Protein chains: 2
Amino acid sequence: MIDVPWEPPAVLIAVDLVILTLRAASLRVLLIERGTEPYRGAHALPGGFLAHSEEDLDAAARRELAEETGLDAGELHLEQLGVYGRPGRDPRGRVVSVAYLAIAPRLPDPVAGTDAADAAWLPADRVLAGELNLAFDHRQLVLDGVERARGKLEVSSLATAFCGPTFTIGELQTVYEAVWGIPLDPRNFYRKIQRVDGFLVPTGAEQRSLVGRPARLFKAGPSTVLSPPIGRPNEAGSSSAD
Amino acid sequence: MIDVPWEPPAVLIAVDLVILTLRAASLRVLLIERGTEPYRGAHALPGGFLAHSEEDLDAAARRELAEETGLDAGELHLEQLGVYGRPGRDPRGRVVSVAYLAIAPRLPDPVAGTDAADAAWLPADRVLAGELNLAFDHRQLVLDGVERARGKLEVSSLATAFCGPTFTIGELQTVYEAVWGIPLDPRNFYRKIQRVDGFLVPTGAEQRSLVGRPARLFKAGPSTVLSPPIGRPNEAGSSSAD
DNA sequence: CAAATAGTGTCTATTAGACAATATGTT
DNA sequence: AACATATTGTCTAATAGACACTATTTG
């Protein structure tokens with residue numbers, strides 16, 4: 001950072017949230033329907049401008065999360081995804097948006113936000129496939145968010161953020177399958193995931209569902225870095241990184 | 001992004017660069033010595049404010065890179081590292097900095113930048129160890145940059161960005177060892193890295209050094225994603241992610 | 001019992017890591 | 001020859017993936 005003789009330009013800072021969750025075994029992202037121009041009627045990510053010039057970026061993300069979903073960010077996984085500042089991305093003027101990725105466990109259906117006129121958990125697939133019309137560069141944010149989640153599932157304990165405080169190995173497998181979009185062998189998954197040191201801690205309790213043998217309940221262990229990583233099958237492809 | 005009845009606060013945007021390279025088998029970061037307050041005399045990352053309100057962030061990063069090092073960003077690996085916007089990080093006022101990570105191949109010793117009064121490639125170790133006094137939150141940026149590089153070495157072709165257009169497997173090994181800070185077995189490394197599909201392409205040429213058998217020269221292949229990944233030994237540890 | 005999910009055993013091909021051995025250059 | 005680096009071979013323990021099998025529940 002260098003001092004300059006001229007006055008540097010000031011820009012508006014926005015915070016946008018890619019909030020992912022699992023519903024009906026499919027990966028969903030929280031989208032609101034815009035009620036005003038620009039992009040009236042299009043889907044958009046929840047977010048907003050910095051409240052005041054001294055607000056911390058993370059604090060702004062937590063504030064928006066609470067406003068839009070009523071969720072306390074203390075309970076959620078929340079991490080910075082990146083900055084999106086291409087000139088022209090917002091027709092109203094120069095806006096630099098700091099994107100955050102949040103992972104939410106299964107939530108009560110109604111997501112009536114205070115700000116959001118109309119909010120819904122829409123399948124991430126439909127965004128990736130381009131079926132939905134997203135405002136601004138928000139499709140890119142969702143792409144990047146899903147890609148981040150896919151990668152971190154391999155090497156971190158992120159998957160548990162999709163679950164409640166306790167969960168079965170079957171539920172965890174559903175998370176991996178939904179985010180990666182591929183089926184996994186339950187038997188191999190079962191042992192592989194338990195082999196990871198410090199990932200899962202058995203609670204001793206069991207959970208019984210409508211059918212089948214009751215499953216042991218686990219909670220997240222101390223490790224946030226998974227070693228060995230949970231390999232994603234068929235990564236064998238070239239090109240495209242970052 | 002929601003429309004608001006009030007005027008959102010505008011802040012200054014800076015771009016800071018964590019430029020890594022290899023010198024004398026050690027990982028170095030480009031630091032300049034600040035000639036003005038605040039933090040006069042401390043080391044700082046190269047960077048600066050947005051030139052004008054319509055400048056793209058990536059363009060600003062490339063511009064700063066050229067100004068500080070004379071390097072053409074077209075030749076270099078350049079990726080966004082994150083945003084650093086904690087209030088109070090800059091005593092002059094609210095500044096949100098977009099950090100970029102650049103990887104440079106071996107460069108000519110003099111790094112006389114136009115802006116930088118005094119620039120030097122200093123060992124990343126000394127920053128990590130806290131030996132050097134860095135301005136602002138730049139120590140954190142270097143930490144994050146090195147950590148990013150360490151991780152990407154495993155799963156991407158980033159290592160080749162430290163090398164010239166052609167390189168030997170021995171040089172590549174030096175990159176891995178310097179960035180990870182651990183020794184690797186040359187024989188196992190030799191084959192392991194060649195097994196990665198699309199990573200290395202032999203040029204047919206050879207390179208002879210002062211001593212020892214000449215080594216085959218390679219260039220970077222089409223793959224930017226490495227599968228299987230190049231596993232980093234002794235990752236076996238708990239806690240701390242993100 | 002049938003169906004469904006949880007959990008265990010086992011086999012095989014592949015891989016990681018250790019390290020001996022060989023190849024080819026310089027001094 | 002002595003030395004240094006590159007490249008190849010080989011052995012062993014660990015691992016991934018396929019899949020048969022057992023266990024425990026509900027209807």
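The shown structure was predicted, so the numbers you read here are calculated from the model rather than taken from an experiment. Residue numbering restarts at 1 for every chain, and letters A, B, ... go by the order of the sequence lines.
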query: Where along residues 164-179 of chain A does a heavy atom come under 4.0 Å from DNA chain D, residue by residue in number order?
result: none
message: Tell me which residues in residues 201-212 of chain B lie within less than 4.0 Å of DNA chain D, going by non-hydrogen atoms.
response: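 Output list: V211(B), G212(B).
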field: Residues forming a side chain to side chain donor-acceptor pair (under 3.5 Å) with R63(A), sequence neighbours excluded
entry: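 R63(A) satisfies side chain to side chain donor-acceptor pair (under 3.5 Å) with E55(A), E67(A) only.
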Partners of [X] by side-chain contact (heavy atoms from CB on, under 4.5 Å), sequence neighbours excluded?
X: R139(A); result: V127(A), L134(A), L143(A)
X: R62(B); result: D58(B), A59(B), A73(B), L78(B)
X: S209(A); result: none
X: V211(A); result: none

message: Would you say R195(A) places a side-chain N or O within less than 4.0 Å of OP1 or OP2 belonging to dA16(D)?
response: yes
task: Check whether any side-chain nitrogen or oxygen of K192(A) sits under 4.0 Å from OP1 or OP2 of dT15(D), and answer yes or no.
output: no
Quick check: closest heavy atoms across [X] and [Y], and the distance to 0.1 Å?
X: F218(B); Y: T203(B); result: C-CG2, 3.8 Å
X: F199(A); Y: S157(A); result: CE1-CB, 3.6 Å
X: L101(A); Y: R148(A); result: CD2-CG, 3.7 Å

- request: Name all residues meeting the salt bridge (Lys or Arg N to Asp or Glu O under 4.0 Å) criterion together with R195(A); count only those two or more places apart in sequence or in a different chain, and write none if there are none.
  value: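 With neighbours one apart ignored, the set is empty.
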message: D144(A): which residues meet the salt bridge (Lys or Arg N to Asp or Glu O under 4.0 Å) condition with it, sequence neighbours left out?
response: none
query: With distance as the sole criterion, is a donor-acceptor pair present between the side chains of H138(A) and Q140(A) under 3.5 Å?
result: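 Distance-only check fails for H138(A) and Q140(A).
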message: Can a side-chain donor-acceptor contact be found between R28(B) and S26(B) if the only test is distance below 3.5 angstrom?
response: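 Side chains of S26(B) and R28(B): pair found under 3.5 Å.
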Can you measure [X] atom [atom1] to [N] atom [atom2] for me and round it to whole angstrom units?
X: I193(B); N: dG17(C); atom1: CD1; atom2: P; value: 13 Å
X: I230(A); N: dG17(D); atom1: CD1; atom2: C1'; value: 14 Å
X: D185(B); N: dT15(C); atom1: CG; atom2: C1'; value: 15 Å
X: L184(A); N: dC19(D); atom1: CG; atom2: C1'; value: 16 Å
X: F189(A); N: dA6(C); atom1: CZ; atom2: P; value: 11 Å
X: L217(A); N: dG7(C); atom1: CG; atom2: C1'; value: 15 Å

query: Just by protein heavy atoms under 4.0 Å, how would nucleotides 8-14 of chain D read 5' to 3' in B, S and -?
result: BBB----
Axis-to-axis angle between the two ends of the helix from dC1(C)-dG27(D) to dT27(C)-dA1(D) (five base pairs per end, rounded to 10 degrees): 0°
Sequence neighbours left out, cut at 3.5 Å: what donor-acceptor pairs do the side chains of residues 169-187 of chain A make with other protein atoms?
| from | atom 1 | to | atom 2 | distance (Å) |
| --- | --- | --- | --- | --- |
| E171(A) | OE2 | T168(A) | N | 3.4 |
| Q173(A) | NE2 | E177(A) | OE2 | 3.0 |
| Q173(A) | NE2 | L184(A) | O | 2.9 |
| T174(A) | OG1 | G170(A) | O | 2.9 |
| Y176(A) | OH | L153(A) | O | 3.0 |
| E177(A) | OE2 | L184(A) | N | 2.8 |
| W180(A) | NE1 | R150(A) | O | 3.0 |
| D185(A) | OD1 | R187(A) | N | 2.7 |
| D185(A) | OD1 | R187(A) | NE | 3.3 |
| D185(A) | OD1 | N188(A) | N | 3.0 |
| D185(A) | OD2 | R187(A) | NH2 | 3.0 |

